[in-house]
Amino acid sequence: MEKYIFFGNNDPNAKMRKTKIKLNCFNIRNHSIYKKKNNPMAKIDDPITIKSITFRNRIGMSPMCQYSAIDGFVNNWHYMHYGTRAIGGVGLIIVEASAVSPEGRITPSDVGIWKDEHISELKKLVENIHSNGSIAGIQIAHAGRKASHAAPWNGSKQLISSESDWETIAPSPIPFDPSEKSPNEMTYSDIKAIVNQFRDGAKRALEAGFKVLEIHAAHGYLIHEFLSPLSNIRTDKYGGNFENRVRILLEVVNAVKEVWPSNLPLFVRLSATDWVENGWDLNESVKLSSLLKQKGVDVVDCSSGGNIISAQIPVEKGYQIHFAEAIRETGIMTAAVGMITSAEQISNILENEKADMVLLGRELLRNPYFVLKAIKNQNWPIQYLRAK
Ligand code: FNR
């Protein structure tokens, strides 16, 4: 099988990436020539530049819904929550899934980016993050058939009419949980409207000052529902073969690029696999990532699962890192995420070029100051120096 060998990191700052050699080979990342030419690898405290943005290190905060907004507006909870992690030293904060339409919310308390009124509070959040040294990113999202649910602490159940539920949409009328009400199958005009909503959300994110935009195409939400043949059984140009199932995501990327500047980083979060036979899988994720790279996407944020309720997921330390590693072989940068909790693990990922960045979720909920300890030479906030 033909593969390419890349010398150096995937990021534009890489010292050595200049040559591309066509090789007949097996796993090129274990190849001794490859390893030699790529030394020294990125370290935990190396900054990274993607397009015009330099991140102070390669550790980011993974997007995590707080279900604490009212009518989509961020508030004091969000300022405190994200501000603390910025003080804590992460290079990037990806603000939680922010709905591009009210119907695209998982719960009534999701953050929103569907109306211009949201921009001014988001702007304060961005300023808060930037003034503490982190780069502010935001994930824009539509929950599809997983919309209209209760917050986790209220049981995560599908809402009922007395709880002000709403109609949900999806590529096909198949509910996530067979016990739930079916979503409505989307028409072409619904699809067009959603694509436009992602574009408008991106425009608002830019106006609010975000420097990184992430399109949420993972975890069984709307775009992932189109990607997977298990949730998408359409027979038109948005269903069936690979080209048709990925069509909506490529349209969203095109639409977003109409408004998102070419000098700012664009991420896409994928579920690299459904973890179910005959579902969306790593091969398709790799193929899609090549297309995303051609379209100008900078980073694939490599998560997994969330689309099939019966999936058996082998959740363990670093269980998704190999997805980031495999997708990175297409030449696109990747972010690794999932059960990463130590500086040692992060160094191992970066030094062995399994990913270009590492995102932390729950570890940063447990310990907002993780990075201050994990990176030896990290600049601490001057106010905290006496505790160093
Ligand atoms: C999440 N996750 C998540 N993912 C995403 O793409 N958008 C989101 O808004 C959320 N929301 C969310 C809320 C909470 C409370 C948790 C714990 C998780 C998934 C998250 O970004 C991450 O991928 C996983 O938590 C796995 O990483 P960790 O937690 O093992 O580091």
Side-chain angles (χ1 to χ4, degrees), residues 58-69 72 74 77-78 81-82 84-85 88 90 92-100 104-107 109-113 122 125 136-144 146-147 149-156 198 201 205 210 212-225 227 249 267-273 275 285 299-307 313-324 334-343 345-346 349 355 357-368 370-371 374:
R58 293 168 184 248
I59 304 175
M61 181 178 186
S62 199
M64 283 179 285
C65 285
Q66 298 298 293
Y67 311 111
S68 301
V74 293
W77 174 264
H78 304 91
H81 168 67
Y82 291 110
T84 309
R85 275 73 195 176
V90 293
L92 163 68
I93 289 180
I94 307 182
V95 169
E96 66 201 79
S98 300
V100 297
R105 288 175 293 178
I106 305 165
T107 78
S109 312
D110 287 18
V111 169
I113 194 154
L122 286 171
L125 183 59
I138 189 166
Q139 184 184 58
I140 55 173
H142 191 296
K146 291 173 93 174
H149 280 67
W153 47 86
N154 289 325
S156 297
F198 271 94
F210 287 100
V212 173
L213 188 81
E214 176 165 283
I215 298 168
H216 199 349
H219 301 167
Y221 298 117
L222 186 66
I223 297 177
H224 183 184
E225 290 159 21
L227 299 180
L249 173 56
F267 289 27
V268 171
R269 174 165 270 199
L270 292 181
S271 279
T273 175
W275 294 109
S285 292
V299 176
V300 175
D301 171 2
C302 303
S303 189
S304 73
N307 195 37
I313 305 182
V315 179
E316 57 180 2
K317 193 174 160 186
Y319 71 110
Q320 296 175 146
I321 296 168
H322 66 289
F323 299 136
T334 58
V337 66
M339 299 286 276
I340 300 169
T341 55
S342 70
Q345 242 183 318
I346 297 169
I349 293 166
M357 301 184 89
V358 173
L359 300 180
L360 305 180
R362 288 161 292 178
E363 188 55 31
L364 284 177
L365 297 187
R366 286 184 285 266
N367 179 8
F370 174 90
V371 175

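Because the structure is predicted, anything quoted here is derived from the model rather than measured. All heavy atoms count here, side chains included; hydrogens, waters and symmetry mates do not. One-based numbering, in listed order, for ligands and for the atoms of each.
- Atom 13 (C) of ligand 1 has as its closest protein heavy atom C65 N, 3.3 Å.
- In this structure, the separation between CD on Q139 and CZ on R269 is 6.0 Å, given to the nearest 0.5 Å.
- Closer than 4.0 Å to atom 20 (C) of ligand 1 lies at least one heavy atom of the protein.
- In terms of heavy atoms, M339 sits closest to E316 at CB-O, 3.4 Å.
- Remark: the backbone N or O of G361 is not paired with any side-chain donor or acceptor of S62 at under 3.5 angstrom.
- A heavy-atom distance below 4.5 Å is not found between the side chains of L270 and D301.
- On a distance-only criterion, I340 and ligand 1 share no N/O pair closer than 3.5 Å.
- Atom numbering of ligand 1 starts at 1 in the shown order; those under 4.0 Å from a heavy atom of V337 are 23 (O), 27 (O).
- Counting only heavy atoms from C-beta outward, the side chains of F267 and M357 approach each other to under 4.5 Å.
- In this structure, H216 counts as a contact residue of ligand 1, since one of its heavy atoms falls inside 4.0 Å of the ligand.
- A distance of 13.0 Å separates CG of L359 from CZ of R58, quoted to the nearest 0.5 Å.
- Of the protein's non-hydrogen atoms, the one nearest atom 2 (N) of ligand 1 is P63 O, 3.5 Å.
- Within the 4.0 Å heavy-atom criterion, the part of R269 lying near ligand 1 is the side chain and not the backbone.
- Taking each heavy atom of I223 and F198 in turn, the nearest pair found is CD1-CZ, 3.7 Å.
- In terms of protein heavy-atom proximity, atom 18 (C) of ligand 1 is closest to M64 CG, 3.7 Å.
- Ligand 1 is approached by G338 to a heavy-atom distance shorter than 4.0 Å.
- Set against the non-hydrogen atoms of A97, the atoms of ligand 1 under 4.0 Å away are 9 (O).
- Only the side chain of H219 comes within contact range of ligand 1, with a heavy atom under 4.0 Å; no backbone atom does.
- Note on ring orientation: taking the six-membered ring where Trp is involved, the planes of H219 and H216 are perpendicular (angle over 60°, cut-offs 30° and 60°).
- Closest heavy-atom approach to atom 22 (C) of ligand 1 among the candidates P152, S62, S303, G361: S62.
- Protein heavy atom at the shortest distance from atom 25 (O) of ligand 1 is R362 NE, 3.8 Å.
- From the protein, the heavy atom lying nearest to atom 7 (N) of ligand 1 is Q139 OE1, 2.8 Å.
- Contact atoms of ligand 1 toward M339: 28 (P), 30 (O), 31 (O) (distance under 4.0 Å to a heavy atom of the residue).
- For Q320 (side chain) and S304 (main-chain N/O), a donor-acceptor pair under 3.5 Å exists by modelled atom type.
- Considering only heavy atoms from C-beta on, S271 stays 4.5 Å or farther from F323 through its side chain.
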